[in-house]
Amino acid sequence: DTGVSQDPRHKITKRGQNVTFRCDPISEHNRLYWYRQTLGQGPEFLTYFQNEAQLEKSRLLSDRFSAERPKGSFSTLEIQRTEQGDSAMYLCASSSGQGARQETQYFGPGTRLLVL
Amino acid sequence: GDSVTQMEGPVTLSEEACLTINCTYTATGYPSLFWYVQYPGEGLQLLLKATKADDKGSNKGFEATYRKETTSFHLEKGSVQVSDSAVYFCAVGGNTPLVFGKGTRLSVIA
């Protein structure tokens, strides 16, 4: 079990460009979550999947953001037409997804995005 | 919706001092409560959790007790070390998206 992995770890882009991040959850975990963390704040929920189904999207997820989990394994988060306000750490987490109230989410190392 | 309020830092302590970081929450139903720790440049690591009232979570000398009557989950450690320097986040959730506090930065000096 290698834990949750994310790629890339760092991304610098210019305003207006598109970026895509990847998350590989812990093997056999059915649930996958995306969070965003800005400097000095706690993580804020963006969206999550149960297998390949996207179950919930936060109002923080503007129409420039899209997430997929096509085969119920890895997930991608794409930001189109990036803005400076998108600069943040993007965190991925996974959990077993068995529906138990006491489920634990395990986090990856994050992708730090800087939009110039 | 659910919310978490935790003590804002930064907190600076000398090595071997006692630590308490306060956390209170509002939530519907019967959520689980978590403390996560974040070291510089890294993601979040689960420190401890509690899943029902009066449960005590513990790990690496840290403890927190799920107090439903006061809706609190305060983090405590009897003797901190320099290696405990990090940002600590209280969170509420479980099989739903987690709601986090703003984090408390702890610095321990030798």
Side-chain angles (χ1 to χ4, degrees), chain A residues 2-7 9-10 21 23-26 29-50 54-61 67 88-112 114, chain B residues 1-10 21 23-25 27-53 55-57 59 66 68 73 75 86-106:
Chain A
T2 57
V4 178
S5 61
Q6 293 185 244
D7 183 71
R9 293 290 306 275
H10 303 274
F21 309 142
C23 171
D24 287 87
I26 293 172
H29 274 190
N30 295 326
R31 284 207 174 173
L32 187 149
Y33 299 80
W34 286 99
Y35 294 85
R36 181 172 68 186
Q37 183 181 21
T38 53
L39 203 60
Q41 301 296 316
E44 295 176 295
F45 166 70
L46 292 178
T47 188
Y48 83 103
F49 295 83
Q50 174 81 27
Q54 189 171 18
L55 295 189
E56 187 177 343
K57 293 191 289 186
S58 160
R59 64 183 184 280
L60 292 177
L61 210 67
M89 173 83 91
Y90 290 84
L91 294 165
C92 176
S94 71
S95 67
S96 64
Q98 300 304 312
R101 184 176 53 81
Q102 61 268 36
E103 277 195 14
T104 297
Q105 294 179 30
Y106 297 92
F107 283 78
T111 294
R112 184 170 295 282
L114 177 61
Chain B
D2 297 354
S3 68
V4 173
T5 301
Q6 67 177 98
M7 187 173 86
E8 293 195 20
I21 300 177
C23 171
T24 57
Y25 69 93
T28 55
Y30 303 94
S32 295
L33 301 174
F34 304 84
W35 278 100
Y36 283 86
V37 59
Q38 187 173 37
Y39 298 99
E42 299 185 10
L44 275 68
Q45 297 178 23
L46 177 68
L47 181 59
L48 54 84
K49 70 177 185 180
T51 60
K52 61 183 186 295
D55 261 5
K56 177 186 284 188
N59 186 26
Y66 190 141
K68 193 166 178 63
F73 193 55
L75 182 67
V87 181
Y88 292 82
F89 293 95
C90 183
V92 60
N95 63 349
T96 56
L98 293 171
V99 176
F100 287 87
K102 291 186 176 183
T104 303
R105 180 176 299 279
L106 170 66

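By convention in this document, chain letters (A, B, ...) are assigned in the order of the sequence lines, proteins followed by strands, and residues within each chain are numbered from 1.
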Contact leader toward chain A among B:C90, B:G41, B:G43, B:G103, where contacts are heavy-atom pairs under 4.5 Å: B:G43
Contacting moiety of A:Q37, where chain B heavy atoms sit under 4.5 Å: side chain
Distance, nearest 0.5 Å, that separates CD of A:Q105 from NZ of B:K49: 10.5 Å
Contacting moiety of B:L98, where chain A heavy atoms sit under 4.5 Å: both
Heavy-atom closest pair, residues A:Q41 and B:F89: O-CE2, 3.8 Å
Backbone of A:Y106 reached by a side-chain donor or acceptor of B:Q45 within 3.5 Å: no
Flag side-chain contact, heavy atom, 4.5 Å: B:V99 against A:F45: no
Most contacts with chain B, counted as non-hydrogen pairs under 4.5 angstrom, among A:S95, A:G40, A:S58, A:P109: A:P109
Atom group of A:E44 that falls short of 4.5 Å from chain B, counting heavy atoms: neither
Shortest non-hydrogen contact between B:Y36 and A:T104, atoms and distance: OH-CG2, 4.3 Å
Non-hydrogen side-chain atoms of B:E42 and A:F107 separated by less than 4.5 Å: no
